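See below for the structure under consideration.
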Amino acid sequence: MVTTSSLNLVFTPTKPTSLSWKHSFPSPFTTANCTRRQDRKAYRFVVFATVLADPKPTVLVAEKLGKAGLELLKTFANVDCSYNLSPEELCTKISLCDALIVRSGTKVTREVFERSGGRLKVVGRAGVGIDNVDLSAATEHGCLVVNAPTANTIAAAEHGIALLTAMARNIAQADASLKAGKWQRSKYVGVSLVGKTLAVIGFGKVGSEVARRAKGLGMHVIAHDPYAPADRARAIGVDLLTFEEAISIADFISLHMPLTPATSKIFNDQAFSRMKKGVRIVNVARGGVIDEEALVRALDSGIVAQAALDVFTEEPPPKDSRLVLHENVTVTPHLGASTTEAQEGVAIEVAEAVIGALKGELAATAVNAPMVTAEVLTELAPFVTLSEKLGRLAAQLVAGGSGVQSVKVTYASARGPDDLDTRLLRAMITKGLIEPIASVYINLVNADFTAKQRGLRIIEERFLLDGSPENPLEFIQVQIANVESKFATAISDSGEIKVEGRVKDGKPHLTKVGSFGVDVSMEGSLVLCRQVDQPGMIGSVGNILGEENVNVNFMSVGRIAPRKQAVMIIGVDEEPSKEALKRIGEIPAVEEFVFLKL
């Protein structure tokens, strides 16, 4: 029996989840014994104390917050605005607070959560990034962490355009020159934007707003984002391309991607070498996406004519930074969200999220998960790992430029719908699909919200099996429709990218790729090859990897029939070099291959 249901995009806990601020107060009558040495008498004291319970929770605002947000907080809570606290002062005050609001300057460490004594129920980050909050410690201590991800979108987009135009017309350099008493009109001749190609790398909220404004300036806009819906891009008049295509034809490049392991230093020597000579780069995203030393080299060589930067790997950057001091670089001190309107919007957004959390509501902007019962977690733990890895694998099989809009997840189980809660599994599949290329932390709280925001529809299907319901799941299958694949073999007979897995001996195993049955442990990284089934293939590929000192931990081959097509999957402990992968692809019997990180 197969039952199908679309994703419910509103998270509703099965049981009421309390995030309230109620406290347990000690008895007003406390006794204490004082014992004297040797034969001296023992005295008994009775201490009388009066406890006046304030009906309002207390919110500590540790960094400046917009007036509108403060006024909103004051309607619900006692607000303590204490700025520039030292770490010790913060730890001292936190035990008296139910909520804490910070910006980027305050470190909310594990010690803060430990010193709160369990009273701290929510931390609000007035902004997007939560690098300064220890999420693991927050979750362990049952503290929700919320942020304000949408209020500064327009401000960041406007700043990107401001840097773009200022760079093109040498505004900063000409201003400094004139103030130094010089009149150098010929030195600061700029370039026009009309008719030039702008590549927007990261087509989310900010990137799409930059694209709209650039179109208004007469620019031709292209973009790269593996999860941007093609129809949304077309509606703005933007062409979605692969990363390599976009950077190779652009006159201007504007960066709007998050900093993740996949995007760290993605703009490096190799990337710069693929660009048109004289390209101009704007970055209002995250400093770490650019290899700053490589950018200096590209500027010195003329590959990059100019750069305009609002963010840096280290903030503030060193005073002697070659990049900051470079004559062809325009810089601002992380001002992307620094407008009066954006600051007020962020203040209201974070205040609403904090108030909602204190009322016991689960905020859509939460970035960590609520506590999961030990029983459920123990039973589903291996399937949670399997779900994330299947999502991550499926996402990497999608070819660049393809917008993922619909994902179908099939759960095969002998349990009825009421006995198998798939919310956590769905969240982990979403995590695997999105988190490697996004700045959000995806969990049970925000998975559905994040998928909806990105135009990603998750459809769940249950395949009811006969047999004992002792095992929660037999297998999980993930299908992505209406996309092209880097590995055509992953396309099933029905036309979707399809991967399937199950848990064996407590570990996740990949059991199907497209229409090919396989059986491999989902550990480390994988090399997938479609080949002609003939003798010597395993040895040929193994020799190439061995020569590169890449350790192979397993190999598995699935085939249609002897001497026909086969799929070989190789598990490796290290990432093969591009040269090694190229040599594998040049083996005559290898028809296609792909390298995947799990």
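Quick caveat: nothing in here was measured; it's all calculated off a predicted structure. Just the heavy atoms: all of them, side chains too, but no hydrogens, waters or symmetry mates, feed the values below.
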Requested in this report: First locate atom CD of Q184, then atom CG of N170, and finally report the distance between them rounded to the nearest 0.5 Å.
Outcome: 11.0 Å
Query raised in the report: Would you say the side-chain atoms of S273 and Q270 include a donor-acceptor pair closer than 3.5 Å?
Result: no
Query raised in the report: Once you round to the nearest 0.5 Å, how far does OG1 of T260 lie from CD1 of I434?
Result: 13.0 Å
Report task. Flag the pair V284 / L335 as yes when at least one side-chain heavy-atom distance between them is below 4.5 Å, and no otherwise. Result -> no
Query - Distance-only side-chain donor-acceptor flag, S338 / Q343, under 3.5 Å - result: no
Query raised in the report: For R115, does the CZ atom have more than 12 heavy-atom neighbours from other residues, nucleotides or ligands under 6.0 Å away?
Result: yes
Report task. Return the set of residues passing ring-ring contact (aromatic ring centres under 6.0 Å, His included) with F267 (not counting sequence neighbours), or none when no residue passes. Result -> F243
Query raised in the report: Do any pairs count as a salt bridge (charged side-chain N to carboxylate O under 4.0 Å, His left out) and have a residue in residues 60-80, sequence neighbours left out, and if so which ones?
Result: D80-K93
Query raised in the report: How about D134 and T109: does a side-chain donor come under 3.5 Å of a side-chain acceptor?
Result: no
Requested in this report: Measure the shortest side-chain to side-chain distance between V146 and V122 over non-hydrogen atoms and say whether it is less than 4.5 angstrom.
Outcome: yes
Query raised in the report: Counting heavy atoms not belonging to K265, are there more than 12 under 6.0 Å from its NZ?
Result: no
Query raised in the report: Hey, is CG on N84 packed in by over 12 heavy atoms from elsewhere, all under 6.0 Å?
Result: no
Requested in this report: Measure from the side-chain N and O atoms of N368 to the backbone N and O of L144, and report whether any donor-acceptor pair falls under 3.5 Å.
Outcome: no
Requested in this report: Calculate, to the nearest 0.5 Å, the distance between atoms NE2 and CG belonging to H326 and L299 respectively.
Outcome: 4.5 Å
Query raised in the report: Would you call D448 and R426 a salt bridge, taking side-chain N to carboxylate O under 4.0 Å as the test?
Result: yes
Requested in this report: Would you check if there is a donor-acceptor pair between the side chains of H159 and T332 at a distance under 3.5 Å?
Outcome: yes
**Report entry** More than 12 heavy atoms of other groups within 6.0 Å of R213 CZ
**Finding:** yes
Query raised in the report: For the side chain of N268 and the backbone of A271, is there at least one donor-acceptor N/O pair under 3.5 Å apart?
Result: yes
Query raised in the report: Does the pair D225/R232 count as a salt bridge with the N-to-O cut at 4.0 Å?
Result: no
Query raised in the report: Which distance, rounded to the nearest 0.5 Å, do you find between the CD of Q173 and the NZ of K187?
Result: 9.0 Å
Query raised in the report: CD1/I94 to CG/L85 distance, rounded to the nearest 0.5 angstrom?
Result: 9.5 Å
Requested in this report: Could you tell me whether the side chain of D269 reaches within less than 4.5 Å of the side chain of R297, counting heavy atoms only?
Outcome: yes
Query raised in the report: Less than 4.5 Å apart, any side-chain heavy atom of D251 and any of R280?
Result: no
Query - Any pair counted as salt bridge (charged side-chain N to carboxylate O under 4.0 Å, His left out), so long as it reaches residues 147-163, sequence neighbours left out - result: none
Report task. Flag the pair E388 and R392 as a salt bridge only when some basic side-chain nitrogen lies within less than 4.0 angstrom of an acidic carboxylate oxygen. Result -> yes
**Report entry** Short side-chain to backbone donor-acceptor contact, K121 and R119, under 3.5 Å
**Finding:** yes
Requested in this report: Taking atom types as modelled, find out whether E114 and H141 have a side-chain donor-acceptor pair closer than 3.5 angstrom.
Outcome: no
Requested in this report: Quick one: pull up CZ in F203 and NE2 in H256 and give me the separation to the nearest 0.5 Å.
Outcome: 10.0 Å
